[in-house]
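What you are looking at is a predicted structure, and each value in this text was computed from that prediction instead of being measured.
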Amino acid sequence: MYFDSHSHYYDSRFKNEFEGGARKLLDKLFADSVCAIINVGDSIKASEKCIAQAAEYKNMYVAAGIHPSCAGKEGSVNEGRIALCDLLDNADKSKIVAVGEIGFDYHYDDTDRDTQREFFEMQMRVAEMYGLPVVIHDREAHGDCFDMVCKYPNVRGVFHSYSGSAEMAAELIKRGWVISFSGVVTFKNAERVRAVAKSIPLDKMLIETDCPYLAPHPHRGECNHSGLLEYTAAALGEVHGVTGEEIAKITAENAARFFGIKL
């Protein structure tokens, strides 16, 4: 059974590309191969959708937060803080287990870096206040993301779909963080990601889909979902010399422990 530590099941692609939409797909996944899912918001509105979906499934949980590309799109940083805190005040009832996804995205120019920084730092402070872990989005911003998380030694979290160096990962792990790998680890041109994955202790590793994005080979380009985690687990098993089933078991235990979830 797989624990998908990062997904976006509110995305319209599920309604458009699967008969019966996300509901029918999730019913099948939980029945067949998935033990738990973290549904991750990229805005306040999306986080509210995550909460509504998680209420329908015993083993679906929520990360609520504002993605760097959404920073400032729903109001000022203060308005974002108030809205996020309103959600986190009901974290237990809403099954919120983390703040995220938050961070820096330097690949696109749709949100200026100063705004991204304001929202990132605000959400790190909020996570510290509520005692919750964070889910970090780091795209082409490894140094700045690392510097930010080091400013908050009381906050721990996960770097999702990790693309940084083995050295940075080792420093994060020393600080109590964990590292998550997506379907990218299966891509033919991802030798560097696999090399980094080999350096990560198995007890510090999570797996994820980031669905509907980043479908693993041989389904690359398709609408991703948690049923395809077997390919990611197999690729990680290959670099560590264990089976994909062992990766599934270890990473499920890691995720449950890290997010405080009883499977």
### Query
Within the side chain of E101, is there an N or O that forms a donor-acceptor pair under 3.5 Å with the backbone of G41?
no

### Message
D4 and side-chain hydrogen bond (donor to acceptor under 3.5 Å, both in side chains): which single residue from T232, T251, T209 fits?
### Response
T209

### Task
Answer with yes or no whether the side chains of S226 and Y9 bring together a donor and an acceptor at under 3.5 Å.
yes

### Pair S182, E208: side-chain N/O donor-acceptor within cut-off below 3.5 Å
no

### Task
Start with the C-alpha distance between R175 and E171, add both sets of side-chain angles, then the distance that settles salt bridge (charged side-chain N to carboxylate O under 4.0 Å, His left out), and finish with yes or no.
CA-CA 7 Å; R175 290 165 167 79; E171 289 299 321; 3.0 Å; yes

### Query
Strictly under 6.0 Å, is that where the ring centroids of Y231 and H219 end up?
yes

### Min side-chain heavy-atom separation K28-S33 under 4.5 Å
no

### Query
Side chains of M148 and E121: does their closest heavy-atom pair fall under 4.5 Å?
yes

### Message
Please tell me whether S161 and D210 have a donor and an acceptor in their side chains that are separated by less than 3.5 angstrom.
### Response
no

### Task
Report yes or no: do D105 and H137 form a side-chain donor-acceptor pair below 3.5 Å?
yes

#### Entry: Donor + acceptor pair across side chains of E118, T115 (<3.5 Å)
no

### Query
Is T186 reaching over with its side chain to a backbone N or O of G183, donor-acceptor style, under 3.5 angstrom?
yes

### Task
Look at the aromatic rings of Y10 and H8 and report parallel, tilted or perpendicular, splitting at 30° and 60°.
perpendicular

### Min side-chain heavy-atom separation R156-V178 under 4.5 Å
no

### Check: R220 side chain, A215 main-chain N or O, donor-acceptor pair, under 3.5 Å
no

### Chi angles and distances behind the ring pair (Phe, Tyr, Trp, His ring centres under 6.0 Å) call for F104, F120
CA-CA 7 Å; F104 289 126; F120 191 176; 5.0 Å; yes

### Heavy-atom side-chain contact between P68 and T111 under 4.5 Å
no

### H240-E246 side chain donor-acceptor pair, cut-off 3.5 Å
no

### Message
Consider side chain to side chain contact (heavy atoms under 4.5 Å, CB included). Of L206, V158, L202, which one does N254 pass it with?
### Response
L206

### Query
Is there a donor-acceptor contact under 3.5 Å linking the side chains of Q116 and Y106?
no

### Query
Looking only at side chains, do Y162 and D138 share a donor and an acceptor under 3.5 Å apart?
no

### Query
Under 6.0 Å between the ring centres of H225 and F18?
yes

#### Entry: Side-chain heavy atoms of S7 within contact of V40, under 4.5 Å
no

